[in-house]
Asker: 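Could you have a look at this structure, given as structure tokens, before my questions?
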Amino acid sequence: DGGITQSPKYLFRKEGQNVTLSCEQNLNHDAMYWYRQDPGQGLRLIYYSQIVNDFQKGDIAEGYSVSREKKESFPLTVTSAQKNPTAFYLCASTRTSGGAVETQYFGPGTRLLVL
Amino acid sequence: GEDVEQSLFLSVREGDSSVINCTYTDSSSTYLYWYKQEPGAGLQLLTYIFSNMDMKQDQRLTVLLNKKDKHLSLRIADTQTGDSAIYFCAESIGGATNKLIFGTGTLLAVQP
């Protein structure tokens with residue numbers, strides 16, 4: 001049963017604390033993405049990775065970090081430098097074969113709340 | 001820069017047709033997508049259209065693309081209460097990154 005899993009579903013962060021959101025896929029997809037969703041806004045790209053051990057900043061990377069040590073995993077760390085972290089975080093993945101449409105498949109999301 | 005805009009809210013009665021509109025600015029878009037998001041959930045791909053097409057039909061869904069006006073629409077026939085959700089359009093700006101630019105989303109409320 002292939003898909004993308006994100007954990008936890010809800011996460012609470014204290015001031016000055018780093019937290020890590022998990023994203024795992026068993027679709028054998030090459031590329032993975034992290035988006036942030038705020039109420040009344042579309043999704044904004046934080047980071048993306050097209051291949052293992054490589055990743056690029058998206059539009060709002062400040063205050064976030066990622067790693068891609070394994071093809072199936074792309075964890076996102078929200079650091080204390082991110083001053084407004086409360087949001088819904090969505091992970092996505094896609095094949096990259098070039099030419100054909102490559103649909104992004106999304107996980108169920110993690111809601112991060114600041115205490 | 002790239003920008004995708006949608007109206008925020010649409011209310012229809014069950015059984016009627018819904019039309020959700022989207023405008024985009026990047027003329028180099030290769031594919032345009034419609035995603036559905038139910039409360040507290042991730043995004044589900046509904047359909048997509050290649051930029052050299054002007055219409056695509058998939059069961060109750062019809063996508064119209066006016067490339068000259070950079071306007072995309074999603075028509076849902078015989079709208080059901082289960083169609084109530086937020087609908088996002090997104091454009092793929094091409095290249096190897098498969099990067100998507102999302103609209104702000106349209107909340108569709110279906111009244112019984």
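Convention: sequence-line order gives letters A, B, ...; per-chain numbering from 1. Just so it is clear, the structure is predicted and the values come from calculations on it, not from any experiment.
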Asker: What part of Tyr35(B) gets within 4.5 angstrom of chain A, counting heavy atoms only: side chain, backbone, both, or neither?
Answerer: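 Interface part for Tyr35(B): side chain.
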Asker: Please determine, by modelled atom types, if Thr106(B) and Gln6(B) share a side-chain donor-acceptor pair under 3.5 angstrom.
Answerer: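 Judged by distance alone, the side chains do pair up.
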Asker: Say whether, by atom type as modelled, one donor and one acceptor occur between the side chain of Thr94(A) and the main chain of Thr103(A) under 3.5 angstrom.
Answerer: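 Answer holds: yes.
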Asker: Please look at Gln37(B) and chain A and tell me whether the side chain, the backbone, both or neither of the residue comes under 4.5 angstrom of a heavy atom of that chain.
Answerer: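 Side chain only.
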Asker: With only heavy atoms counted, which part of Leu45(A) is less than 4.5 Å from chain B, the side chain, the backbone, both or neither?
Answerer: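 For Leu45(A), side-chain heavy atoms alone lie under 4.5 Å from chain B.
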Asker: Tell me, yes or no, whether the heavy-atom count around Leu113(A) atom CG, taken from other residues, nucleotides or ligands under 6.0 Å, exceeds 12.
Answerer: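 Yes - once you tally the heavy atoms of other residues, nucleotides and ligands closer than 6.0 Å, there are more than 12.
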Asker: Between Leu45(B), Thr104(B), Leu8(B), which residue shows the highest count of heavy-atom pairs closer than 4.5 Å to chain A?
Answerer: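 Greatest number of close heavy-atom pairs with chain A: Thr104(B).
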Asker: With a 4.5 angstrom heavy-atom cut-off, could you sort out which part of Gln6(A) is near chain B: side chain, backbone, both or neither?
Answerer: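 It is neither, since no heavy atom gets under 4.5 Å.
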Asker: Non-hydrogen atoms of chain A under 4.5 Å away: do they reach the side chain of Leu100(B), the backbone, both or neither?
Answerer: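 Both the backbone and the side chain of Leu100(B) come within 4.5 Å of chain A.
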Asker: Can Arg111(A) be said to sit on top of Tyr10(A)'s aromatic six-ring, NZ or CZ under 6.0 Å from centre and within 45° of the ring axis?
Answerer: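 No, cation not above the ring by the 6.0 Å, 45° rule.
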Asker: Does the side chain of Tyr64(A) come under 3.5 Å of the side chain of Arg36(A) through a donor N or O and an acceptor N or O?
Answerer: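 A pair is found: one side chain offers a donor N or O, the other an acceptor, under 3.5 Å apart.
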Asker: Hey, which residues of residues 67-86 of chain A are touching chain B, say heavy atoms under 4.5 Å apart?
Answerer: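 Within residues 67-86 of chain A, no residue comes under 4.5 Å of chain B, counting heavy atoms only.
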Asker: With sequence neighbours left out, write down each residue that passes side-chain hydrogen bond (donor to acceptor under 3.5 Å, both in side chains) with Asp69(B), or none if nothing qualifies.
Answerer: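 If we apply the side-chain hydrogen bond (donor to acceptor under 3.5 Å, both in side chains) test to Asp69(B), skipping adjacent residues, the hits are Asn66(B).
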Asker: Show every salt bridge (charged side-chain N to carboxylate O under 4.0 Å, His left out) that has at least one partner inside residues 72-88 of chain B, sequence neighbours left out.
Answerer: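 Sorted pair list: Arg60(B)-Asp83(B).
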Asker: If you look only at pairs with a residue in residues 64-88 of chain B, which of them pass as a ring pair (Phe, Tyr, Trp, His ring centres under 6.0 Å), with sequence neighbours excluded?
Answerer: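 Found none.
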Asker: Side chain, backbone, both or neither: which part of Leu43(B) has a non-hydrogen atom closer than 4.5 Å to chain A?
Answerer: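 Answer is both: backbone and side chain atoms of Leu43(B) are under 4.5 Å from chain A.
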Asker: Does the ring center of Tyr33(A) lie less than 6.0 Å from the ring center of Tyr47(A)?
Answerer: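 Ring centroids of Tyr33(A) and Tyr47(A) are no less than 6.0 Å from each other.
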